[in-house]
**Q** 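Mind having a look at this structure? Questions to follow.
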2 protein chains.
Amino acid sequence: MDRTPNAARRPQLNRARVLAAAVELADRTGIEALSMRGLAQELGVVPMALYKHVANKEELLDGMVEAVVGEIGPPTGGADWQAAVRGRVLAARAALLRHPWASRAIESRTRPTPAMLSHLDSVAGLFLAGGVSADLTHHAMHALGSRVWGFTQELFPAPPTDPAAQAAAEAAQAATAAQLQAMAAHFPHLAAIVAARSHDPGSVVGGGCDDAFEFEFALDVLLDGFARLHRAGWTSAH
Amino acid sequence: MDRTPNAARRPQLNRARVLAAAVELADRTGIEALSMRGLAQELGVVPMALYKHVANKEELLDGMVEAVVGEIGPPTGGADWQAAVRGRVLAARAALLRHPWASRAIESRTRPTPAMLSHLDSVAGLFLAGGVSADLTHHAMHALGSRVWGFTQELFPAPPTDPAAQAAAEAAQAATAAQLQAMAAHFPHLAAIVAARSHDPGSVVGGGCDDAFEFEFALDVLLDGFARLHRAGWTSAH
DNA sequence: ACCTGAACACCGTTCAAGT
DNA sequence: ACCTGAACACCGTTCAAGT
């Protein structure tokens, strides 16, 4: 058999293989470099062959997000609601850290996918199971925002997800002493708080901060705030 | 004079005119539809003419962000630090709401622009002037994240900034009764908290929530948390 | 049913040439 | 000094054709 040259060396294309290859390619080259044509080439196939398995590029990205969000796995019960939500958010973060492009892909979606809704539903369920009102849970979920996916838009601009460009950006970011002095002159308050940063004296902005610490600090401030409002019987008066 | 046909009807191109036209075009058509070629056409000029005034598209976007962040204006002093920071963040939000594409443009920057650094410096200055330690200020700024620009990645995916696509998305989002029941069956906790939303019973996800309320709710939870840590003499042990 | 080839309507950007 | 024209190396996607 092997009627076509392609079938001789490749298993038949299907949606799962297309999505897996797209995830792998994005892991390797960044989301900006991911194109239908490049993905087709990776699969040893002509670009139009992909369109039998995904309707268009938007649906490809939906499928990739679905795959990553699906990695989060089911919630582990037991703890109080504050610890349970914390654990689930950090599990989402762990999944996203494995795919640096994923936060950008999630941001670019214009509609939630089933796996996204399922994850949100499970987080909401942890609040409600802990006795938090639907009203407070609703506003708490909004306040978490993209933090329920394990990321947030950071204070300083994000480095590109393309690994090569990322290395270049980090090299460019290593500030000289002169640049540091110029910054201190123009932005004295920033210079003061940058001096108070947790780690890594080698870089000035963007790098040099402990991402995990900052993420958990903010998460805990929010969760403590929610707990306080819950204990006080808070309701939005609407 | 009027040597060229173009000079007869248009003032000479310069960086400010290019940036102003880009901002206006993005306001009207969305950031996704903004192209160097489209912008050139808007200005009655050939695409390559733009490259005398901006190095490339990235620098064009830098300039646009610079323009919007520059609209925030200088801080108003007087109040306690918590109110001062709150006011400044809401001023940033007001500027960004005038340009729906601006949050996406800020997200896409890989390096802070001078106006961005200046705004960050002014916010840091408000904390420090209120007696908050550089250490706590640093982590508080990280916790605010993109909220210092007046936006955050919301829980549900963002509608496209292109006004036409936005209208289409909203129409598609108006859920039928059947869809609502299906959602309640699959995602019971989401259904429960959506039912507790502030406003607008006509839509199910994404719409239907009071953006201003959610933004200020989260901002106040964070600011209250920072104030509490400040009063308790909190330090990160590093 | 699935893949291919050629084509269309776009991009950002370079280079050499005009005035 | 500033703008133009033609070209290059890309995009996503359509349509009609192959097997």
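Below, all heavy atoms of this structure are taken into account, side chains as well, without hydrogens, waters or symmetry copies. Proteins come first, then strands; the chains are lettered A, B, ... in the order of their sequence lines, and each starts at number 1.
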**Q** Rounded off to whole Å, could you give me the CE-to-C1' distance for the Met48(B) and dA6(D) pair?
**A**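 Distance check: Met48(B) CE to dA6(D) C1' gives 12 Å.
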**Q** To the nearest 0.5 Å, tell me how far Met116(A) CE sits from Glu66(A) CD.
**A**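 With rounding to 0.5 Å, CE (Met116(A)) is 9.0 Å from CD (Glu66(A)).
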**Q** Report the distance from atom CD of Glu32(B) to atom C1' of dC10(C), rounded to the nearest whole Å.
**A**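 Value for this atom pair: 16 Å.
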**Q** Out of dT13(C), dT4(C), dT13(D), which nucleotide sits closest to the side chain of Asn56(B)?
**A**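 It is dT13(C).
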**Q** Check whether any side-chain N or O of His53(B) sits under 4.0 Å from OP1 or OP2 of dC2(D), and answer yes or no.
**A**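 Checking dC2(D) against His53(B), no side-chain N or O comes under 4.0 Å of OP1 or OP2.
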**Q** Return the value, rounded to whole Å, for the distance between atom CD of Gln12(A) and atom P of dT19(D).
**A**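 Atom CD in Gln12(A) sits about 18 Å away from atom P in dT19(D).
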**Q** Short question: side chain of His186(B), backbone of Ala182(B) - any donor-acceptor pair under 3.5 Å?
**A**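 Checking the backbone N and O of Ala182(B) against the side chain of His186(B), a donor-acceptor pair under 3.5 Å is found.
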**Q** Taking the side chain as C-beta and beyond, is there a heavy-atom pair between Leu39(A) and Val45(A) under 4.5 Å?
**A**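 Sidechains of Val45(A) and Leu39(A): no contact.
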**Q** For residues 144-157 of chain A, which side-chain donor-acceptor pairs fall under 3.5 Å, sequence neighbours excluded?
**A**
unit_1	atom_1	unit_2	atom_2	d
Ser146(A)	OG	Phe151(A)	O	2.9
Glu154(A)	OE1	His142(B)	ND1	2.9
Glu154(A)	OE2	His142(B)	ND1	3.2

**Q** Would you mind reading off the distance between Arg37(B) atom CZ and dT14(C) atom C1', rounded to a whole angstrom?
**A**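 In whole Å, dT14(C) C1' and Arg37(B) CZ are 12 Å from each other.
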**Q** Using a heavy-atom cut-off of under 4.0 Å over every strand shown, decide if Met36(B) touches base, sugar-phosphate, or nothing.
**A**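 Here Met36(B) touches the backbone only, sparing every base.
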**Q** Roughly, in whole Å, what's the span from CZ in Arg15(A) to P in dC3(C)?
**A**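 About 15 Å, once rounded to whole Å.
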**Q** May I ask you to decide if Ala26(A)'s main-chain N or O and Thr29(A)'s side chain share a donor-acceptor pair within less than 3.5 Å?
**A**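 Checking the backbone N and O of Ala26(A) against the side chain of Thr29(A), no donor-acceptor pair under 3.5 Å is found.
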**Q** Please check if the side chain of Arg109(B) supplies one atom and the backbone of Glu58(B) the other of a donor-acceptor pair under 3.5 Å.
**A**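 Yes; at least one donor-acceptor contact below 3.5 Å.
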**Q** Rounded to the Å, how far apart are Lys57(A) NZ and dC11(D) C1'?
**A**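 For the pair Lys57(A) NZ and dC11(D) C1', the rounded distance is 8 Å.
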**Q** What is the distance, to the nearest angstrom, from the CG atom on Leu50(B) to the C1' atom on dT13(C)?
**A**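 Whole-Å distance recorded here is 12 Å.
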**Q** Under 3.5 Å for both pairing distances: what stems, at least three Watson-Crick or G-U pairs long, include DNA chain C?
**A**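 Stem segments, range with range: C:4-8 with D:12-16, C:12-16 with D:4-8.
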**Q** Could you please name the option among dC11(C), dC3(C), dG5(D) that lies closest to any side-chain atom of Leu13(A)?
**A**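 So the nucleotide nearest the side chain must be dC3(C).
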**Q** So, is Tyr51(A) near the phosphate of dT14(D), with a side-chain N or O under 4.0 Å from OP1 or OP2?
**A**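 Checking dT14(D) against Tyr51(A), no side-chain N or O comes under 4.0 Å of OP1 or OP2.
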**Q** Judged by each residue's nearest nucleotide on DNA chain D, which is more toward the 5′ side, Ala49(B) or Lys52(A)?
**A**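 Here Ala49(B) is the residue nearer the 5' end.
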**Q** Measure CG/Leu39(B) against C1'/dC10(C) and give the value in whole Å, please.
**A**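 So the CG-C1' distance, Leu39(B) to dC10(C), works out to 16 Å.
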**Q** With rounding to the nearest 0.5 Å, note down the distance linking CG in Leu190(A) to NE2 in His138(B).
**A**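 That separation rounds to 10.0 Å.
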**Q** Roughly how far apart, to the nearest Å, are dC11(C) and dA7(D) at atom C1'?
**A**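 Their C1' atoms lie roughly 14 Å apart.
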